[in-house]
2 protein chains.
Amino acid sequence: MPAPFPPDHNPLVRKLESIFPLHDDERQALLDLPMQVNVLKDDQDVVREGDRPSRCFVILSGFTCTYKATGDGKTQIVAFGVPGDMPDLQSLHLKVLDISVATLSPCSVGFIQHEDLWDLCMRYPRLTAAFWRETLVEGAVFREWLLNVGRREAYHRMAHVLCEMLVRLRAVGLAEDHACNLPITQGEFADALGVTTVHVNRVLQELRANGLIELKGERLNVLDWEGLKQAGDFDPTYLHLVQERPAA
Amino acid sequence: MPAPFPPDHNPLVRKLESIFPLHDDERQALLDLPMQVNVLKDDQDVVREGDRPSRCFVILSGFTCTYKATGDGKTQIVAFGVPGDMPDLQSLHLKVLDISVATLSPCSVGFIQHEDLWDLCMRYPRLTAAFWRETLVEGAVFREWLLNVGRREAYHRMAHVLCEMLVRLRAVGLAEDHACNLPITQGEFADALGVTTVHVNRVLQELRANGLIELKGERLNVLDWEGLKQAGDFDPTYLHLVQERPAA
DNA sequence: CGTTTGGTTGAAATGTGTCAAACTTTGTGG
DNA sequence: CCACAAAGTTTGACACATTTCAACCAAACG
């Protein structure tokens with residue numbers, strides 16, 4: 001079955017429009033893109049480091065993480081993926097994958113053949129720009145994470161990532177102003193922040209004690225958005241959204 | 001004055017060919033690209049976070065660093081730039097810069113108007129792919145650095161960056177098999193690795209004591225390449241070079 | 001030469017890791 | 001709907017990598 005999304009709730013379209021204004025015909029072309037939809041359980045690899053894929057995928061629902069591992073098995077999450085994201089879009093140009101992508105929650109993903117994507121880009125040159133831009137924004141997030149991991153203490157690091165996730169989810173209509181679902185365990189946060197699970201736990205308690213957030217199960221509630229932004233030294237410019245919708 | 005490089009030593013061409021095979025006409029088109037050459041002293045900003053450039057630049061000679069800073073002034077270097085690199089190529093698609101680029105050594109850089117680059121990409125669609133690919137490889141390096149900073153101890157981190165620089169410089173013909181010039185101070189390494197200058201110093205001494213490297217002034221000499229690669233947990237796949245020339 | 005920049009050293013402070021156990025929630029099958 | 005297992009969270013004590021601070025040294029430079 002093809003993806004059953006009303007045009008304006010199609011995750012791919014929605015995501016691209018959050019960073020690039022689409023014309024009607026381009027939007028339609030995206031909706032018409034041949035796509036093989038797969039439903040995945042959580043904690044499953046979608047693609048693996050070393051793969052040489054002939055297709056890439058878009059997240060239709062659910063969350064993923066993009067990760068790498070050191071020789072002795074320590075893993076670092078380098079990005080979280082939310083609906084609309086294409087975590088291995090790079091494979092269009094880079095033959096062998098330098099990252100793995102796993103599901104953090106049950107997901108449905110749409111596989112798109114590289115040749116179909118090439119085709120689309122030929123027919124709609126502005127879409128080339130849109131996809132290129134998407135990979136560039138992804139790169140900007142890597143840079144910010146590098147600053148985050150390299151130069152901020154764990155407490156601030158955690159706050160920063162929470163800010164980012166909330167803003168990104170708002171941009172694709174998957175978060176209220178100050179709350180969202182975040183199916184990310186403390187162990188996964190640890191791998192994203194370059195710390196241990198134990199420390200993530202302590203730092204989260206601090207954030208809670210300071211009245212900045214509630215976080216229980218998959219539910220994140222930001223009690224003090226200004227405070228959290230400040231704690232995370234967060235400025236959304238690097239996300240390069242067409243227009244950050246200011247949260248009330 | 002236009003860049004006085006014999007065709008095959010033109011840094012831009014050389015760099016692109018290290019990750020993308022060019023046809024003759026494409027190579028010529030690159031050589032004909034209008035370019036304003038500027039000579040810069042070391043420790044100067046080329047572009048700054050927040051800028052909205054109408055051009056981007058290619059490094060013709062010298063080294064740069066791309067960096068970001070936290071609100072309280074700590075800086076993180078997210079990439080080193082070597083001749084042929086275009087550290088702010090992203091500005092072609094992202095209006096406002098989320099990074100600053102500074103010279104690490106005296107540099108000559110060539111500024112290219114965005115419109116001229118657009119033009120070129122129109123006339124030679126494969127060059128669009130080449131430039132896109134360049135930004136993707138840059139992204140792959142960010143990811144590896146994230147793993148490096150997040151999950152490796154300072155000693156291994158240092159070894160990793162040294163391996164990377166040597167391989168990248170070899171790819172553009174600026175390093176012998178096991179030695180190169182590296183105008184990077186310990187303070188700058190510190191900002192790249194997310195540690196302090198003091199610690200970089202101690203870690204370098206360890207690398208020297210273990211007989212892996214000599215590093216004095218700007219000169220890096222790798223005494224034990226296999227040992228350094230192992231210490232750095234280094235696998236060059238993520239650099240996506242067309243063909244890693246195996247060092248003897 | 002004196003001045004600046006970058007490198008080196010040591011001792012004490014600290015953020016984060018490690019280990020190991022207990023607790024809580026979630027999901028599943030009987 | 002309970003019972004149990006599995007997964008995730010929380011806690012404490014201690015170890016350790018790295019920071020901090022402060023001084024000193026060496027090389028480069030005008």
Side-chain angles (χ1 to χ4, degrees), chain A residues 41-44 63 65 70 72-77 102-106 148-161 181-209 213-220 231, chain B residues 41-44 63 65 70 72-77 102-106 148-160 162 181-209 213-220 231:
Chain A
K41 293 202 261 287
D42 64 347
D43 263 300
Q44 283 195 293
F63 285 64
C65 66
T70 61
D72 56 330
K74 279 174 277 195
T75 92
Q76 172 74 35
I77 292 177
T103 56
L104 292 174
S105 69
N148 205 32
V149 172
R151 285 304 186 208
R152 292 193 189 106
E153 294 185 351
Y155 175 82
H156 306 284
R157 242 179 265 179
M158 185 78 237
H160 189 99
V161 171
N181 279 7
L182 224 47
I184 303 175
T185 68
Q186 296 187 2
E188 287 151 356
F189 275 125
D191 283 343
L193 301 180
V195 296
T196 58
T197 305
V198 172
H199 205 57
V200 163
N201 184 277
R202 300 200 248 252
V203 149
L204 279 177
Q205 289 180 55
E206 243 189 293
L207 286 169
R208 283 190 274 244
I213 62 165
E214 277 172 6
L215 180 57
K216 187 149 171 63
E218 304 200 346
R219 191 69 189 162
L220 169 67
Chain B
K41 292 202 261 288
D42 65 348
D43 264 301
Q44 282 194 293
F63 286 64
C65 68
T70 62
D72 56 330
K74 279 175 277 195
T75 92
Q76 172 74 36
I77 292 176
T103 56
L104 291 174
S105 69
N148 206 31
V149 173
R151 286 303 187 208
R152 292 192 189 108
E153 294 185 349
Y155 175 83
H156 305 285
R157 243 179 265 180
M158 185 79 236
H160 189 99
L162 292 177
N181 278 6
L182 224 45
I184 302 175
T185 68
Q186 294 186 2
E188 287 151 356
F189 275 126
D191 282 342
L193 301 180
V195 296
T196 59
T197 305
V198 173
H199 204 56
V200 163
N201 184 277
R202 299 201 243 254
V203 149
L204 279 176
Q205 288 181 57
E206 241 189 294
L207 286 169
R208 284 190 273 244
I213 62 166
E214 276 172 5
L215 180 58
K216 188 152 171 59
E218 304 201 346
R219 191 71 189 161
L220 169 68

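Chain letters run A, B, ... following the sequence lines, proteins first, then strands; residues in each count from 1. Just so it is clear, the model here is predicted, and its values are computed rather than measured.
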Is there a side-chain polar atom (N or O) of [X] under 4.0 Å from OP1 or OP2 of [N]?
X	N	answer
B:Thr196	D:dT19	yes
A:Gln186	D:dA7	no
A:Asn201	D:dT10	yes
A:Gln205	D:dT9	no

Measure [atom1]/[X] against [atom2]/[N] and give the value in whole Å, please.
X	N	atom1	atom2	value
A:Leu215	C:dT25	CG	C1'	14 Å
B:Glu218	D:dA27	CD	P	16 Å
A:Leu204	D:dG8	CG	P	15 Å
A:Arg151	C:dG15	CZ	P	16 Å
A:Tyr155	C:dT16	OH	P	13 Å

Check if the side chain of A:Arg208 and the base of D:dT10 share a donor-acceptor pair of N or O atoms closer than 3.5 Å.
->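 No pair found.
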Between the side-chain atoms of A:Arg202 and the base atoms of C:dG17, is any donor-acceptor pair under 3.5 Å?
->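 A donor-acceptor contact between them is present.
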Report the residue (A:Glu153 or A:Gly217) whose heavy-atom-nearest nucleotide on DNA chain D is the more 5′ of the two.
->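 In this pair, the answer is A:Gly217.
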Starting from the 5' end of DNA chain D, give me the residue, A:Ile184 or B:His199, whose nearest nucleotide shows up first.
->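 Going by which nucleotide is closer to the 5' end, it is A:Ile184.
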5'-most contact on DNA chain C: A:Ala154 or A:Val198, nearest heavy atom basis?
->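 Its nearest nucleotide lies further toward 5', so the answer is A:Ala154.
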Heavy atoms only: give me the nearest A:Arg157-A:Arg152 pair and the separation to one decimal.
->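 The pair with the smallest heavy-atom distance is NE-O, 2.9 Å.
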Would you classify A:Arg152 as touching base, sugar-phosphate or nothing, given that sugar-phosphate means primed atoms plus P, OP1 and OP2, and contacts are heavy atoms under 4.0 Å?
->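 No contact.
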